[in-house]
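A short write-up of the structure that comes next.
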Number of protein chains: 2
Amino acid sequence: MAQPSCIRILLVDDHSVVRMGLAAVLSLDEGLTVVAEAEDGAQALEKFRSDKPDVVLMDVRMPGMGGLEALRALRAAAPGARVLMLTTSELDEDVQRAIEAGAAGYLQKSVTRDELVRAIRRVHAGGSYVPEALERRLAQLAKRRHLSHREIEVLDGMRRGLSNRDIAVSLSISEHTVKAHVKAILQKLESADRAEAVARGFEQGLLRVGE
Amino acid sequence: MAQPSCIRILLVDDHSVVRMGLAAVLSLDEGLTVVAEAEDGAQALEKFRSDKPDVVLMDVRMPGMGGLEALRALRAAAPGARVLMLTTSELDEDVQRAIEAGAAGYLQKSVTRDELVRAIRRVHAGGSYVPEALERRLAQLAKRRHLSHREIEVLDGMRRGLSNRDIAVSLSISEHTVKAHVKAILQKLESADRAEAVARGFEQGLLRVGE
DNA sequence: GGGCGCATCGCCCGTTCGGGCGATTGCCTT
DNA sequence: AAGGCAATCGCCCGAACGGGCGATGCGCCC
């Protein structure tokens with residue numbers, strides 16, 4: 001079996017194919033061993049508690065409790081947890097959020113075996129690992145002006161086809177205030193109208209399908 | 001090595017982890033053998049020609065030539081090609097398009113090993129394989145009113161923040177015609193305004209980020 | 001303490017949007 | 001040949017939108 005000095009890994013991904021792929025890749029390295037797998041955030045928390053892995057390898061996007069929530073919950077329960085996040089899509093709001101939420105690293109699923117193993121070792125050693133390409137993206141994202149919580153709510157109203165008045169009612173504020181928010185949103189998102197703003201919302205991960 | 005009666009498989013996916021996962025899963029079955037892998041549509045065509053696989057296992061979403069285009073090209077070059085499409089996201093316009101484009105089956109990456117192997121055998125035998133859940137979705141999608149090509153173009157104009165007049169200019173038609181298209185789009189997408197229409201566009205896969 | 005961002009509220013006004021009535025020309029399928 | 005659908009064009013109009021000028025209070029950070 002695994003040597004006592006092995007880095008113990010917990011895999012979290014809702015796609016069994018990906019889990020098996022990761023397990024296959026990692027099993028090739030003698031210093032690594034997959035001690036548990038989970039299909040969603042809730043299971044991940046359980047398995048983490050029961051199996052105490054050294055490193056968690058987790059997908060960002062999952063049904064139920066998403067990867068980000070799971071990450072936060074994990075960090076809250078065990079601040080020392082070393083978590084390496086995996087993602088399918090490169091352009092993503094989530095990258096930044098994950099880093100802020102305490103991820104030790106961030107990888108795309110297109111990584112080579114080598115890079116993956118290197119990242120795991122690095123993270124296990126207490127370091128962090130973010131690919132260069134993503135780091136550059138991060139710098140761009142950081143420069144982007146963030147929408148406030150309220151503005152997100154207004155943007156969500158727009159996406160549902162509500163008029164300014166409707167949004168005002170649903171948020172219990174005046175229509176004029178909504179217009180002020182809309183104006184701010186259009187500026188921050190550099191959009192000409194609400195339709196483009198909604199599109200930008202989807203592109204930047206502020207809005208997403210199925211929510 | 002593989003037995004002569006093995007089903008020869010070509011894997012196509014831009015994520016190496018997924019390719020390795022599939023390879024690992026399939027290698028467990030004696031009747032299956034992965035004879036080639038490709039990272040994108042163009043490579044897939046090459047490999048198909050050179051290795052003549054019995055079944056192609058291909059991701060829908062890929063950089064460069066997408067999976068759907070690759071599927072069409074493949075079917076055009078070799079009408080008898082048996083192609084099983086893989087997808088990450090369940091709710092997707094692509095499912096229907098893939099079937100129409102001649103895919104023999106459609107699977108989510110969350111499939112179990114068993115189901116995957118069953119699907120491959122079924123497809124190799126000349127049958128088709130679509131999971132029940134997806135089939136139900138298909139029925140829904142079929143009922144949904146389709147946007148015409150022109151309407152998609154207009155919707156794309158909306159998503160870019162163009163006014164009716166701007167769209168008219170960019171398509172070299174009259175503003176009134178654009179309004180007619182917009183009206184039709186709002187009806188078909190059951191949207192109150194263009195902002196909601198754009199949102200529905202993203203939700204239904206008519207629009208997507210990064211295009 | 002002063003600045004900055006956020007959330008809230010006010011009015012005016014021109015432009016755009018979306019709905020309601022039309023219409024004709026093609027193409028494809030039945 | 002008939003019917004349906006897509007694409008094109010027409011006018012009227014009320015309501016919504018987005019921009020421009022404001023304003024006040026609150027909390028946070030330097």
Side-chain angles (χ1 to χ4, degrees), chain A residues 93 96-97 100 141-202 204 206-207, chain B residues 93 96-97 100-101 141-204 206-207:
Chain A
E93 173 89 343
Q96 195 175 22
R97 288 192 188 145
E100 286 168 3
L141 283 173
K143 264 184 290 186
R144 203 184 65 210
R145 312 197 53 188
H146 280 64
L147 296 198
S148 69
H149 178 64
R150 204 51 156 172
E151 285 161 353
I152 296 282
E153 289 180 313
V154 172
L155 182 60
D156 190 69
M158 292 195 248
R159 124 18 189 265
R160 299 206 315 274
L162 302 182
S163 69
N164 288 339
R165 174 164 318 203
D166 293 337
I167 297 173
V169 171
S170 78
L171 297 180
S172 301
I173 55 180
S174 91
E175 181 181 352
H176 184 272
T177 302
V178 174
K179 291 181 74 169
H181 286 311
V182 170
K183 201 181 304 189
I185 292 171
L186 295 187
Q187 274 187 1
K188 291 186 181 179
L189 261 34
E190 298 176 59
S191 300
D193 58 25
R194 42 178 70 210
E196 188 180 4
V198 167
R200 291 286 168 94
F202 278 99
Q204 303 195 354
L206 302 169
L207 298 174
Chain B
E93 173 90 341
Q96 196 175 24
R97 289 194 187 144
E100 286 169 1
L141 283 173
K143 261 185 289 184
R144 202 183 68 212
R145 312 197 51 188
H146 281 64
L147 295 198
S148 68
H149 177 64
R150 203 52 158 172
E151 284 161 354
I152 295 282
E153 289 180 314
V154 172
L155 182 61
D156 190 69
M158 293 195 245
R159 141 331 219 275
R160 299 205 315 272
L162 302 182
S163 69
N164 289 338
R165 176 164 318 195
D166 293 336
I167 297 173
V169 171
S170 79
L171 297 181
S172 302
I173 55 180
S174 90
E175 182 181 351
H176 183 271
T177 303
V178 174
K179 291 181 75 168
H181 286 310
V182 170
K183 199 181 306 186
I185 292 171
L186 295 186
Q187 275 188 1
K188 291 185 181 179
L189 261 33
E190 298 176 61
S191 301
D193 58 25
R194 46 179 67 210
E196 188 179 6
V198 167
R200 291 288 169 93
F202 278 99
E203 288 164 3
Q204 302 194 354
L206 303 170
L207 297 175

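Proteins get letters first, then strands, A, B, ... in listed order; numbering begins at 1 in each. Please read all numbers here as calculations on a predicted model, not as lab measurements.
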Checklist entry - What is the distance, rounded to the nearest whole Å, between atom CG of A/D166 and atom C1' of D/dC17? => result 13 Å
Next on the checklist: Side chain of A/I173, heavy atoms from C-beta onward: which of D/dT8, D/dA7, C/dT8 has the nearest atom to it?
Outcome noted: C/dT8
Checklist entry - Considering only side-chain heavy atoms of B/H181, which listed nucleotide, C/dT8, D/dT8, C/dC6, is closest? => result D/dT8
Checklist outcome for this item: Whole-Å distance, A/I167 CD1 to C/dA7 P, equals 14 Å
Checklist outcome for this item: In whole angstroms, the gap separating C1' of D/dG18 from CG of A/L189 amounts to 16 Å
Checklist entry - What string of B, S and - do you get for nucleotides 16-22 of chain C 5' to 3' if you count protein non-hydrogen atoms under 4.0 Å? => result -SBBBB-
Checklist entry - Between the two end axes of the helix from C/dG1-D/dC30 to C/dT30-D/dA1, each built from 5 base pairs, what angle do you get to the nearest 10°? => result 60°
Item to check | Minimum-distance nucleotide to A/S174 side chain [options: C/dC9, C/dC6, D/dA7] | outcome: C/dC9
Item to check | Residue pair A/L155 / A/G201: nearest heavy atoms and the distance that separates them | outcome: CD2-CA, 4.3 Å
Next on the checklist: Nearest 0.5 Å, please: how far is CE in A/M158 from CD in A/E153?
Outcome noted: 12.0 Å
Checklist entry - Is there a donor-acceptor pair closer than 3.5 Å between any side-chain N or O of A/Q187 and the backbone N or O of A/A184? => result no
Next on the checklist: Measuring from atom CG of B/L207 to atom CD1 of B/I152, what distance do you get when rounded to the nearest 0.5 angstrom?
Outcome noted: 7.0 Å
Checklist entry - What is the distance, rounded to the nearest whole Å, between atom CD of A/E151 and atom P of C/dC6? => result 6 Å
Checklist entry - Using a cut-off of 4.0 Å on non-hydrogen atoms, how would the nucleic acid contact of B/T177 be classed: base, sugar-phosphate, or nothing? => result base
Checklist entry - Can you find a side chain N or O atom of A/S148 that sits less than 4.0 Å from OP1 or OP2 on C/dG5? => result no
Next on the checklist: If I compare all heavy atoms of B/I185 with all of B/A197, which pair ends up nearest, and what's the gap?
Outcome noted: CG2-CB, 4.2 Å
Checklist entry - Starting at CG of B/L147 and ending at P of D/dC5, how long is that distance when rounded to a whole Å? => result 15 Å
Checklist entry - Can you check whether A/H146's main-chain N or O pairs, donor with acceptor, with A/K188's side chain at less than 3.5 Å? => result yes
Next on the checklist: One thing to verify: whether B/R200 and B/E196 come together as a salt bridge, which I'm taking to mean a side-chain N less than 4.0 angstrom from a carboxylate O.
Outcome noted: yes
Next on the checklist: Strictly distance-based, threshold 3.5 Å: is any side-chain N or O of A/S191 a donor or acceptor partner for the main-chain N or O of A/L189?
Outcome noted: yes
Item to check | Passing option when A/L162 is tested against A/I167, A/V169, A/V154 for side-chain contact (heavy atoms from CB on, under 4.5 Å) | outcome: A/I167
Could you write out each protein N or O paired with an N or O of nucleotides 23-29 of chain D at a distance under 3.5 Å?
none

Item to check | Heavy-atom closest pair, residues A/G161 and B/A192 | outcome: O-CB, 3.4 Å
Checklist entry - Looking at A/L186 and A/R194, what are the two nearest heavy atoms and their distance? => result CD2-N, 4.0 Å
